Amino acid sequence: MSFKICVVTGTRAEYGLLYWLLKEIQHDSFFELQICVTGMHLSPEFGLTYKLIEKDGFSIDKKVEMLVSSDTAAGVSKSIALGTSGFADAFNELKPDIILLLGDRFEILSAAIAAMIARIPIAHCHGGESTEGLIDEPIRHSITKMSHLHFTSTEKYRHRVIQLGEQPARVFNVGALGIENINRLSLLDKKSLEDELDFKFNKKNILITFHPVTLEESTAEQQFKELLFAIQDLKDTHFIFTMPNADTDGRIIIDLVKEFVNKNSSKSKWFTSMGQLRYLSTLMVADVVIGNSSSGIIEVPSFKKATINIGDRQRGRIFAESVINCEPKRDEIKRAIEQVYSSEFKSKLESIINPYGTRNSSAQIIDVLKGLNTTDLIKKKFYDIQ
């Protein structure tokens, strides 16, 4: 009888991180893979990306609708309620042996709550991290306390999960899941990427991915305008924008991106969803990633490329030396861009070490899951640090 693992995914980025783990589970006869999709995957506004999951050869067992037509705080709270109800029904029907979750978004919180109440063990990836500017921070640690098995991206984060009272024997440092995409995908060369994107790169190229800082009150518009002011007069430079997630005030940024690209169509283009192959291939071509996405912190250093991390969204994370932190002010962003193109900084990039590792995480996770005894997982004993 197969061991049923139910994997939940709510965003395009999260699915990209889970891709190789899903493949490993799918191809191992020891397991029966179940996939629940929710959130942005089911939204026409965000590209109906569940279709990409099916195109990759996966069967979707349940679609849990939870997005309401609002990016306000009240709208997000209502989405969590809808999601919890939907996952309760999904898990009751699928009856998995374990739920596997990644990260810290509100969609994943809904799944964790439903699994906890149903007494289904949870395996959680990327716990122990810190993003002090986001509601993701308390959500992540809440999911940790509802989970029974933990796969962290660094040793420091492993210790932080243990600090939260989790048993050391159930916490494993496997590195960041996104590194595996870099190791295993055959990335597109520049010409092929230009054909895929229908976009010509220039002498200088910048990838911009900016999201609202969800623990701040209505700062998204002004912060993003400061970024646009900082880049608008750059010479010989082309821009690729990726759209923000379904967070509070996300639509403000979407509108500003579209307005900028409409006015600068010869040198810029936006994408709702690039997919992992095109996104990572763009990192090979780009000189720098500007914004406040976790990708700029976790994956970009592996390409020995620069990241300009704006504001407090990622404050608290471990940073490679390729990351330049700056305030969301146009003059500071301009100075950071000048630093990126300086000969001194370029030479430093050659010796950058990614603190999130170089390993393939999925095989390590599979080994742990195969040796798992679920009998005693549910009743957790709090681990006190002496």
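Note that the numbering runs from 1 along the sequence shown for the chain. Since the structure is predicted, the reported quantities are computational estimates derived from the model, not experimental observations.
- Salt bridge annotation for R251-D255: absent, with no cationic side-chain nitrogen under 4.0 angstrom from a carboxylate oxygen.
- L100 places a side-chain heavy atom less than 4.5 Å from the side chain of L21.
- Scanning all heavy atoms of the two residues, the minimum distance from I208 to I206 falls at CG1-CG2, 3.7 Å.
- Considering only heavy atoms from C-beta on, M274 comes within 4.5 Å of I240 through its side chain.
- At a threshold of 4.5 Å between non-hydrogen side-chain atoms, the residues E194 and L197 do not count as touching.
- Contact annotation: the side chain of M40 approaches that of R105 to within less than 4.5 Å [non-hydrogen atoms, C-beta and beyond].
- Put simply, the side chain of T144 gets close to the backbone of R140: a donor and an acceptor are under 3.5 Å apart.
- Y19 and F58 have perpendicular rings, their planes meeting at more than 60° on a 0 to 90° scale where under 30° would count as parallel.
- A salt bridge links K62 with E93: at least one charged nitrogen is closer than 4.0 Å to a carboxylate oxygen.
- Of the candidates R317, Q314, R160, K156, E129 forms a side chain to side chain donor-acceptor pair (under 3.5 Å) with just one, namely R317.
- A salt bridge is defined here as a Lys NZ or Arg NE, NH1 or NH2 lying under 4.0 Å from an Asp or Glu carboxylate O, and E344 with K348 fails to meet this definition.
- Environment of CD1 in I353: sparse, with no more than 12 heavy atoms of neighbouring residues, nucleotides or ligands closer than 6.0 Å.
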* To do: Check the pair Y279 / T209 against side chain to side chain donor-acceptor pair (under 3.5 Å), numbers first and verdict last.
  => CA-CA 11 Å; Y279 179 78; T209 173; 5.4 Å; no

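- Scanning all heavy atoms of the two residues, the minimum distance from I298 to I179 falls at O-CD1, 3.8 Å.
- Stacking of K329 on the aromatic ring of F229 is not recorded, the 6.0 Å distance cut-off and the 45° axial limit not both being met.
- Using cut-offs of 30° and 60° for the angle between ring planes, the F210 and F224 rings count as tilted.
- Salt bridge annotation for E338-R335: absent, with no cationic side-chain nitrogen under 4.0 angstrom from a carboxylate oxygen.
- Side-chain contact between D56 and L22: absent, with no pair of heavy atoms (C-beta onward) separated by less than 4.5 Å.
- By the neighbour-count criterion of 12 heavy atoms within 6.0 Å, atom CD of E321 is sparsely surrounded, having that number or fewer from other residues, nucleotides or ligands.
- Although no hydrogens or angles enter the test, the distance criterion places a donor-acceptor pair under 3.5 Å between the side chain of Q26 and the main chain of G57.
- Side chain to side chain, D287 and N205 fail the donor-acceptor criterion of an N or O pair below 3.5 Å.
- Side chain of H41 to main chain of T11: a donor-acceptor pair is present (N/O by atom type, distance under 3.5 Å, no hydrogens or angles).
- Stacking of K190 on the aromatic ring of F201 is not recorded, the 6.0 Å distance cut-off and the 45° axial limit not both being met.
- Closest non-hydrogen pair, C36 versus F91, comes out as SG-CE2, 4.4 Å.
- The shortest non-hydrogen separation linking G178 to E299 is CA-OE2, 3.6 Å.
- I231 approaches F241 most closely through the heavy-atom pair CD1-CZ, 4.1 Å.
- At distances below 3.5 Å, at least one donor-acceptor pair connects side-chain atoms of S268 with backbone N or O atoms of N264.
- I290 is not listed as a side-chain neighbour of V340, based on a closest heavy-atom distance of 4.5 Å or more.
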